[in-house]
Asker: 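Please read through the structure below; I'll follow up with questions.
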Amino acid sequence: LSLVVLISGGGSNLRALLAEAEHADFPARVLAVGSDRDADGLVHAEEFRIPSFTVPLSSFPTREDWGKELLSQIQQWRPDVVVLSGFMRLLPGEVVRALSPGLLNTHPALLPEFPGAHAVADAIAAGVSETGASVILVDEGVDTGPVIAQERVPVLPGDSEETLHDRVKTVERRLLSDVIRGIAAGRIRLEEYPT
Ligand code: GRF
């Protein structure tokens, strides 16, 4: 299974996936890493000798123009699946439609709880004792796509956003790995999910 992974930040989840993909028994390869900015996480692509590309939103007059360029860069690699892993931009509908159903996102909450860019902070602010991690198919909404895999993660007393996010990311990484294995094995069929 061939992947392109998009990031915007530190890319710790990307790094975990790159490390796992180095093992011959992992049924997927990361062909390239893309970002909307000069993300710190691109260093992981360099380290693992994976090509990368950046398509800065600020370089384009409209989000649609940005989306067209991003889509063009992605499609050059002809991936089976595109994984958004800490990618913090909304993709234009044209991009989602072009890539669906091979377009996944990992989210650090038990969707539909706490969608959006501040899920972990929102969970802490809400005072919940439990949150989670989710892998979803991306649709044209914000974190509204069908859930492919999710798992509860406890919130511990004294958790900061960082300690909770680290605990959630550990689960996100395992869920993403399991989903990728499931797709590669034909156990998970993305085209069967309603979008
Ligand atoms: C992950 O929790 C991802 O789900 C969320 O942002 C975080 C990215 O972390 N959108 P990293 O960049 O992989 O370290």
Side-chain angles (χ1 to χ4, degrees), residues 3-22 26 28 30-48 50 52-57 70 74 81-91 95-96 99 102-126 128 130-156 159-180 183:
L3 309 174
V4 164
V5 182
L6 301 186
I7 63 167
S8 296
S12 68
N13 288 356
L14 164 69
R15 185 183 186 350
L17 182 57
L18 291 176
E20 187 165 16
E22 284 217 319
F26 189 67
V30 178
L31 301 178
V33 176
S35 184
D36 61 295
R37 54 192 289 273
D38 185 16
D40 293 345
L42 292 172
V43 68
H44 303 311
E46 280 169 48
E47 199 179 308
F48 283 84
I50 304 290
S52 63
F53 57 88
T54 56
V55 184
L57 183 60
L70 182 65
I74 291 166
V81 176
V82 176
V83 176
L84 307 184
S85 182
F87 187 68
M88 302 308 273
R89 298 284 182 191
L90 290 183
L91 294 173
V95 178
V96 173
L99 296 176
L103 181 57
L104 304 180
N105 184 31
T106 66
H107 186 78
L110 211 65
L111 288 173
E113 289 173 6
F114 308 123
H118 310 287
V120 175
D122 293 347
I124 289 182
V128 294
E130 206 176 54
T131 183
S134 304
V135 177
I136 62 169
L137 266 188
V138 176
D139 66 8
E140 296 184 43
V142 180
D143 298 323
T144 51
V147 172
I148 299 180
Q150 64 182 184
E151 184 175 309
R152 295 178 182 286
V153 175
V155 181
L156 302 182
D159 257 336
S160 66
E161 181 181 347
E162 187 181 6
T163 59
L164 178 55
H165 205 164
D166 285 346
R167 188 176 314 118
V168 170
K169 283 185 192 181
T170 305
V171 175
E172 277 186 73
R173 292 166 195 157
R174 178 164 38 79
L175 286 183
L176 179 60
S177 173
D178 291 349
V179 166
I180 289 169
I183 296 167

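Numbering of ligands and ligand atoms starts at 1, following listing order. Keep in mind the model is a prediction, meaning the values are calculated, not measured. Nothing fancy with the numbering, it's 1 onward along the sequence.
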Asker: How close do Ala119 and His107 get, counting heavy atoms only, and between which atoms?
Answerer: CB-NE2, 3.4 Å

Asker: Under 4.0 Å, heavy-atom basis, I'd like to know which part of Lys169 is in contact with ligand 1: side chain, backbone, both or neither.
Answerer: side chain

Asker: Please indicate whether any nitrogen or oxygen in Gly11 is less than 3.5 Å from any nitrogen or oxygen in ligand 1.
Answerer: yes

Asker: Can you name the closest pair of heavy atoms from Asp36 and Phe87 and give their distance?
Answerer: OD1-CE1, 3.6 Å

Asker: Could you tell me which non-hydrogen atom of Thr106 sits nearest to which non-hydrogen atom of Glu172, and how far apart they are?
Answerer: OG1-OE1, 2.9 Å

Asker: Where the side chain of Ser134 meets the backbone of Leu111, is there a donor-acceptor pair that is under 3.5 Å apart?
Answerer: yes

Asker: Looking at His165, which atoms of ligand 1 are within less than 4.0 Å of one of its heavy atoms?
Answerer: 1 (C), 2 (O), 7 (C)

Asker: So is Thr106 in contact with ligand 1, going by heavy-atom distances below 4.0 Å?
Answerer: yes

Asker: Give the minimum heavy-atom separation between Ala133 and Val153, together with the two atoms involved.
Answerer: N-CG2, 4.3 Å

Asker: What do you reckon, does Gly10 put a non-hydrogen atom under 4.0 Å from ligand 1?
Answerer: yes

Asker: Compute whether any side-chain donor of one residue and acceptor of the other, for Thr54 and Asp38, lie under 3.5 angstrom apart.
Answerer: no

Asker: Starting from atom 13 (O) of ligand 1, what is the nearest protein heavy atom, named by residue and atom, and what distance separates them?
Answerer: Asn13 N, 2.9 Å

Asker: Does ligand 1 have an atom that lies less than 4.0 angstrom from a heavy atom of Arg15?
Answerer: no

Asker: Could Glu151 and Arg174 be called an ion pair, given the rule that one side-chain N must be under 4.0 Å from one carboxylate O?
Answerer: yes

Asker: Can you list the ligand 1 atoms lying under 4.0 Å from a non-hydrogen atom of Met88?
Answerer: 10 (N)

Asker: Less than 3.5 Å between some nitrogen or oxygen of Ser85 and one of ligand 1, yes or no?
Answerer: no

